[in-house]
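Encoded as structure tokens, the structure appears first; notes follow it.
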Amino acid sequence: MMAPLIETSVSSLDVSIMLLVTSAVNGDVPPTPASRRMRERLTAAARAQLREGGPMTVDAVAARAQVSRATAYRHFLNNDAVLLWATRPVQDAIVPAVVGSGGDHLAGLADRAEALVRATAQWAFDHERELRAVLAVSLGENSAQHGLSRRGRMQRDRWIDELLSGLPVDVPGAARWRLRAALMPLFGADAVVWTRDVADLSVTEAVEVLVWMARTLVTAVLTESGSGADSATAP
């Protein structure tokens, strides 16, 4: 049976599925309520451009928001800033949090892995266009120097580490390391790209494959260690 999930605001995921929006790219936080409202107006216009496949430029967003180019450039210093603000998470979205080991309402580690991957996959496919846009920017030349690299900024690292904290103590370190690495492609933009573009799966098929992989990987490690799927929670 599907394990229950704890939910948390997606605002905690600013560095998980999206890139960090740095002051070097976007400028300082607007100091006044009026300027913050203008930033929100421009961000909404940028999101609409992204959803509809329009040009992701400062000029295009200014036109859509019906403000001057000078005003838009005070908030978005360049076209990269437009894209990054367009892909910031929506505050009222809901995503799962990995429950720490020892929760008696969870059937086992394999169930927890399935629940986590299913929920994050659904979120990822609902935000496929945004994730692809962020991935493209992060792969650009000198992305790290401009604060656009994904390295070390993905919440999936924390999710996986919290999930694997529930492994029995007799699982060897090498097996934990392999499992952690094998779970990485099941999250975010990476999962979207290989399931949709390489495997040519529908969204429904992709989610089921990702869930199956998560459960199979966790169960295999438990079996190899002699723990068994019924001993998925840490003592």
Side-chain angles (χ1 to χ4, degrees), residues 2 5 10 13-20 47 49-56 79-80 82-84 86-90 93 95-96 98 109-144 146-164 174-224:
M2 178 67 68
L5 294 174
V10 76
L13 297 179
D14 280 2
V15 294
S16 62
I17 305 172
M18 308 303 174
L19 298 175
L20 284 175
R47 286 178 176 149
Q49 287 289 103
L50 182 59
R51 284 194 305 270
E52 297 174 13
M56 300 301 293
N79 294 338
D80 283 343
V82 171
L83 182 55
L84 293 177
T87 53
R88 293 189 72 189
V90 179
V95 295
V98 177
L109 194 64
D111 286 340
R112 291 172 58 198
E114 176 179 337
L116 172 65
V117 170
R118 184 179 297 280
T120 55
Q122 292 286 3
W123 193 96
F125 288 113
D126 286 345
H127 296 80
E128 181 172 346
R129 184 187 291 273
E130 293 96 322
L131 289 173
R132 288 178 180 274
V134 170
L135 180 61
V137 171
S138 72
L139 295 175
E141 186 176 0
N142 298 323
S143 61
H146 291 89
L148 307 178
S149 173
R150 299 188 305 158
R151 186 179 299 277
R153 294 179 171 179
M154 304 295 287
Q155 284 283 36
R156 67 181 174 192
D157 294 343
R158 179 177 64 83
W159 294 340
I160 293 171
D161 288 342
E162 290 184 2
L163 177 70
L164 299 191
R176 293 171 183 267
W177 175 82
R178 286 194 300 269
L179 179 57
R180 187 179 189 277
L183 290 171
M184 289 286 180
L186 307 187
F187 296 91
D190 303 302
V192 168
V193 169
W194 77 258
T195 57
R196 299 286 279 149
D197 299 354
V198 180
D200 196 25
L201 302 177
S202 68
V203 170
T204 299
E205 292 169 337
V207 171
E208 293 308 315
V209 167
L210 293 169
V211 166
W212 174 81
M213 290 176 67
R215 175 173 284 278
T216 300
L217 288 166
V218 170
T219 301
V221 168
L222 293 171
T223 301
E224 288 175 0

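We use all heavy atoms of the structure for the numbers below, so side chains are in, but hydrogens, waters and symmetry mates are not.
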Measure the [atom1]-[atom2] distance between [X] and [Y] for me, rounded to the nearest 0.5 Å.
X    : Y    : atom1 : atom2 : value
L164 : W177 : CG    : CH2   : 13.5 Å
L183 : L210 : CG    : CG    : 11.0 Å
E114 : E208 : CD    : CD    : 8.0 Å
L186 : W159 : CG    : CH2   : 12.0 Å
R112 : L163 : CZ    : CG    : 5.5 Å
L109 : T219 : CG    : OG1   : 8.5 Å

So which atom in [X] and which in [Y] form the shortest heavy-atom distance, rounded to 0.1 Å?
X    : Y    : value
P185 : W194 : O-NE1, 3.0 Å
A113 : A214 : O-CB, 4.1 Å
V117 : V211 : CG1-N, 4.0 Å

> Passes side chain to side chain contact (heavy atoms under 4.5 Å, CB included), D197 versus R132? Steps please.
Replying inline: CA-CA 11 Å; D197 299 354; R132 288 178 180 274; 2.8 Å; yes
> Okay, side chain of R156, backbone of M184: is any donor-acceptor separation there less than 3.5 Å?
Replying inline: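 Flag set: sc R156 to bb M184 pair under 3.5 Å.
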Do [X] and [Y] have side-chain heavy atoms sitting under 4.5 Å apart?
X    : Y    : answer
R129 : L50  : yes
R196 : V203 : yes
M56  : N79  : no

